Q: 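Take a look at this one; I'll ask things after.
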Amino acid sequence: AQSDRVFTDDLGVSYTVERYLVANYPVALAFAPDGRLFYTEKNTGNVRVVAPDGTRQIEPVITLPSSALAERGLLGIALDPDYEENGYIWVAHIAEATARDFASNNIVRFREQDGVGSDPQIMFAAPITNNALIHMGGNLRFDPDGHLYYSIGDNEIPANSQDLSTPQGAIHRFAVVDDELIPAPGNPFDDSSIYAYGLRNPFDFTIDTTGERMRIFATDNGDQCDDKVNLILPGFNYGMGPGYTCGGTATGIDLAYYQPPLVAFTPSEAPTGIIVYDHEAVPEWHGEVFFCAWNSGLIRRMT
């Protein structure tokens, strides 16, 4: 509850009017350098902000019209590496369909100042041509070199995971050049933003900089079996796609470029958010992986 205003009635009795704020399906978090916490609400399309003292701004920072059916909604968020100078915040959401256009997996960039967002720009769009409601992905992360990574599900078309000509079922790596996203230099496939593929529904991933070299860990959701935590390597295939068999891969996978999971769960746990621990509060956890499981409500720690 947050105090909104105080008023006095005709009998001279004063009342404090409080507005009770409930987070509507919060999904992804991003901390600003000044300690504020920005987060996405799946079902409302709202980006909200919490002050360092725990009070939450009543009005949303910005609202993006989003389709929230099933697994759709406002999902990922990341602050620009130059956020302190440019105020840019990046989000991933499923834009609503129009009479002419399909619903779409979009990356949007907007500018934030003093808790108010403005000038939203669509930086990337992947139309959902089959009107799928599940397997959307997805989150956004910047690496130390300023490259933007984006995870997107197969949009319920298994063949997308093995098709390098479609953006779905993959993790992408972009360079931000002026007001555009382009495939990052050094990507494994020519003229493509795809960094790794063969993924079914990579709900989240994290970029680990606690060791000598950068590593990427991602959660991926299977179909009643083989929910995975993957070590993401450039150019590698993670095995999801048509004809997938539990404990195996999709049909016809070239095993020379297949990367098996670090760990897999059967029956399904539905792994979602994932981070690498890098805080001084618990030194023995430094560099270990934490991830959430939707079906059980657990947080797991993985060495």
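Note that the structure is predicted; figures quoted are calculated from it, not measured.
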Q: Is there a side-chain contact between Val282 and Tyr277 (heavy atoms, below 4.5 Å)?
A: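 Answer yes - side chains close enough.
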Q: Tell me whether Thr219 contacts the main-chain N or O of Val229 through its side chain, where contact means a donor paired with an acceptor under 3.5 Å.
A: no
Q: Check whether any side-chain heavy atom of Thr209 lies under 4.5 Å from a side-chain heavy atom of Pro144, and answer yes or no.
A: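 When only atoms from C-beta onward are counted, Pro144 and Thr209 do touch, with a gap below 4.5 Å.
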Q: Let's go through Glu71 and Lys42 carefully: what are the C-alpha distance in whole Å and the side-chain angles of both, what is the deciding distance for salt bridge (Lys or Arg N to Asp or Glu O under 4.0 Å) to 0.1 Å, and is it a yes or a no?
A: CA-CA 9 Å; Glu71 294 176 8; Lys42 173 190 176 298; over 6 Å; no
Q: Run the side chain to side chain donor-acceptor pair (under 3.5 Å) test on Asn139 and Tyr149 for me, step by step, so that the C-alpha distance in whole Å, both residues' side-chain angles and the decisive distance to 0.1 Å come before the verdict.
A: CA-CA 8 Å; Asn139 207 351; Tyr149 294 73; over 6 Å; no
Q: Would you say the side-chain atoms of Asn46 pair up with the backbone N or O of Pro60, donor to acceptor, closer than 3.5 Å?
A: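 Flag not set: sc Asn46 to bb Pro60 has no pair under 3.5 Å.
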Q: Does any non-hydrogen side-chain atom of Phe110 lie less than 4.5 Å from one of Val91?
A: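 Side chain of Val91 against side chain of Phe110, heavy atoms only: contact under 4.5 Å found.
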Q: Which distance, rounded to the nearest 0.5 Å, do you find between the OG1 of Thr272 and the CG of Leu75?
A: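 So the gap between those two atoms works out to 11.5 Å.
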Q: Does a donor on one side chain and an acceptor on the other come within less than 3.5 Å for Glu288 and Thr303?
A: yes
Q: State, with a plain yes or no, whether a side-chain heavy atom of Ser151 is found less than 4.5 Å away from one of Ile171.
A: yes
Q: Does Leu64 offer a backbone N or O that forms a donor-acceptor pair with the side chain of Ser66 under 3.5 Å?
A: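 It does hold such a pair.
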Q: Just by modelled atom types, is the Gln162 backbone N or O under 3.5 Å from a matching donor or acceptor in the Asn237 side chain?
A: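 Judged by distance alone, no pair lies under 3.5 Å.
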Q: Identify the two heavy atoms, one from Tyr258 and one from Gly248, that lie closest to each other, and give their separation to 0.1 Å.
A: OH-O, 4.0 Å
Q: What's the shortest heavy-atom distance between Phe203 and Pro271, and which atoms?
A: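 The pair with the smallest heavy-atom distance is CB-O, 4.1 Å.
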Q: With sequence neighbours left out, which residue pairs that include part of residues 128-157 fulfil the salt bridge (Lys or Arg N to Asp or Glu O under 4.0 Å) condition?
A: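 Checked against salt bridge (Lys or Arg N to Asp or Glu O under 4.0 Å) - neighbours excluded - the pairs reaching residues 128-157 are Arg141-Asp204.
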Q: Run Asn105 and Asn155 through side chain to side chain contact (heavy atoms under 4.5 Å, CB included) and show every step you take.
A: CA-CA 9 Å; Asn105 296 97; Asn155 286 181; 3.1 Å; yes
Q: With a 4.5 Å cut-off on side-chain heavy atoms, are Glu41 and Val27 touching?
A: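 No, too far: nothing below the 4.5 Å cut-off.
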Q: If Ile, Leu, Val, Met, Phe, Trp and Tyr residues are connected whenever their side-chain heavy atoms lie under 4.5 Å apart, and connections chain through other members, are Leu181 and Tyr83 in the same group?
A: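 Different clusters: Leu181 never reaches Tyr83 through Ile, Leu, Val, Met, Phe, Trp or Tyr contacts under 4.5 Å.
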Q: Do Leu233 and Phe205 sit in the same hydrophobic cluster, where Ile, Leu, Val, Met, Phe, Trp and Tyr count as joined when their side-chain heavy atoms come under 4.5 Å apart?
A: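 Hydrophobic grouping puts Leu233 with Phe205.
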Q: State plainly whether the residues Asp119 and Arg109 are in salt-bridge range, i.e. N to O under 4.0 Å.
A: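 Judged by the 4.0 Å cut-off on N to carboxylate O distance, Asp119 and Arg109 do not form a salt bridge.
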Q: Would you compute the distance between atom CD1 of Ile232 and atom CG of Asn230 and round it to the nearest 0.5 angstrom?
A: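 If I round to the nearest 0.5 Å, the distance is 5.0 Å.
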Q: Just checking, any donor-acceptor pair under 3.5 angstrom between side chains of Ser67 and Arg72?
A: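 Side-chain D/A pair, Ser67 to Arg72: present.
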Q: Could you verify whether a donor N or O on one side chain and an acceptor N or O on the other, from Glu112 and Tyr88, lie under 3.5 Å apart?
A: no
Q: Any side-chain to backbone donor/acceptor pair from Asn187 onto Arg173? Under 3.5 Å, distance only.
A: yes
Q: Under the criterion side chain to side chain contact (heavy atoms under 4.5 Å, CB included), which of Asp80, Val108, Ile77, Val49 is the partner of Ile89?
A: Ile77
Q: Who are the ring pair (Phe, Tyr, Trp, His ring centres under 6.0 Å) partners of Phe189, not counting sequence neighbours?
A: Tyr197
Q: Are Arg48 and Tyr39 in a cation-pi setup, meaning NZ or CZ lies under 6.0 angstrom from the ring centre and within 45 degrees of the ring axis?
A: no
Q: Around atom CD1 of Ile122, are there more than 12 heavy atoms from other residues, nucleotides or ligands closer than 6.0 Å?
A: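 Incorrect, the count does not exceed 12.
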Q: How many angstroms lie between atom CD1 of Ile182 and atom CG of Leu148, to the nearest 0.5 angstrom?
A: 12.5 Å
Q: Could you check whether any side-chain heavy atom of Val176 comes within less than 4.5 Å of a side-chain heavy atom of Phe142, counting everything from C-beta outward?
A: yes
Q: Is Lys228 paired with Asp220 through a side-chain N to carboxylate O contact shorter than 4.0 Å?
A: no
Q: Look up atom CG in Asp208 and atom CZ in Arg215, then write down how far apart they are to the nearest 0.5 Å.
A: 4.5 Å
Q: With a 4.5 Å cut-off on side-chain heavy-atom distances among I, L, V, M, F, W and Y, is there a chain of contacts connecting Val289 to Leu199?
A: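 Yes, it is one cluster - the side chains of Val289 and Leu199 are joined through contacts under 4.5 Å.
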Q: For Asn221 and Asn201, indicate whether the former's side chain and the latter's backbone hold a donor-acceptor pair under 3.5 Å.
A: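 A pair under 3.5 Å: yes.
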Q: Would you indicate whether Gln113, at its atom CD, is surrounded by more than 12 heavy atoms from other residues, nucleotides or ligands within a distance under 6.0 Å?
A: no
Q: Are there more than 12 heavy atoms of other residues, nucleotides or ligands under 6.0 Å from atom CD of Glu180?
A: no
Q: Check Phe236 against Ala256 and note the closest heavy-atom contact, atom names and distance.
A: CE2-O, 4.3 Å
Q: Show me the pairs that pass salt bridge (Lys or Arg N to Asp or Glu O under 4.0 Å) and involve residues 242-264, at least two apart or across chains.
A: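 Residue pairs with at least one partner in residues 242-264: there are none.
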Q: Please test Gln224 against Ser268 for side chain to side chain donor-acceptor pair (under 3.5 Å), starting from the C-alpha separation and ending with a verdict.
A: CA-CA 5 Å; Gln224 309 304 317; Ser268 175; 5.9 Å; no
Q: Quick one: does Ser193's side chain have a donor or acceptor within less than 3.5 Å of a partner on Phe174's backbone?
A: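 No, the answer is negative, given that no donor and acceptor are paired below the 3.5 Å cut-off.
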Q: Could you tell me whether the side chain of Tyr238 and the main chain of Leu231 form a donor-acceptor pair under 3.5 Å?
A: yes
Q: Taking the six-membered ring for Trp, are the ring centroids of Phe290 and Trp285 within less than 6.0 Å of each other?
A: yes
Q: Looking at Asp178, I want to see if its CG is surrounded by more than 12 non-hydrogen atoms of other residues, nucleotides or ligands under 6.0 Å.
A: no
Q: For the atom pair CD (Gln57) and CG (Asp114), what is the distance rounded to the nearest 0.5 Å?
A: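 Here the rounded value is 9.5 Å.
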Q: Where is the tightest heavy-atom contact between Gly76 and Ala28, given as atom of each residue plus distance?
A: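 Closest heavy-atom pair between Gly76 and Ala28: CA-CB, 4.0 Å.
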Q: Are Val276 and Phe291 grouped together when hydrophobic residues (ILVMFWY) are joined by side-chain heavy atoms under 4.5 angstrom apart?
A: yes
Q: Closer than 3.5 angstrom, by distance alone: can the side chain of His172 be matched with the main-chain N or O of Tyr195 as a donor-acceptor pair?
A: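 No: the side chain of His172 does not pair with the backbone of Tyr195.
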Q: Under 4.5 Å between side-chain heavy atoms, counting indirect links through other Ile/Leu/Val/Met/Phe/Trp/Tyr residues: same cluster for Ile274 and Leu262 or not?
A: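 Yes, Ile274 connects to Leu262 through the hydrophobic network.
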Q: Taking the side chain as every heavy atom from C-beta outward, state whether Pro242 and Pro158 have any atom pair closer than 4.5 Å.
A: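 With C-beta onward as the side chain, the pair touches.
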Q: Shortest non-hydrogen contact from Gly117 to Ile62?
A: C-CD1, 4.0 Å
Q: Where is the tightest heavy-atom contact between Ala250 and Tyr244, given as atom of each residue plus distance?
A: N-CD1, 3.6 Å
Q: Measure from the side-chain N and O atoms of Gln168 to the backbone N and O of Ile152, and report whether any donor-acceptor pair falls under 3.5 Å.
A: no
Q: A side-chain contact here means heavy atoms from C-beta on lying under 4.5 Å apart; do Thr44 and Leu74 qualify?
A: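 Thr44 vs Leu74: side chains apart.
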Q: Return the orientation label for the Phe124 and Tyr150 ring planes: parallel under 30°, perpendicular over 60°, tilted otherwise.
A: perpendicular
Q: For Asn130 and Ile128, run side chain to side chain contact (heavy atoms under 4.5 Å, CB included): C-alpha distance rounded to whole Å, both residues' side-chain angles, the deciding distance at 0.1 Å, then the answer.
A: CA-CA 6 Å; Asn130 63 336; Ile128 305 170; 3.5 Å; yes
Q: Rounded to the nearest 0.5 Å, what's the gap from CD on Glu269 to OG on Ser296? Could you check?
A: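 Rounded to the nearest 0.5 Å, the CD-OG separation comes out at 4.5 Å.
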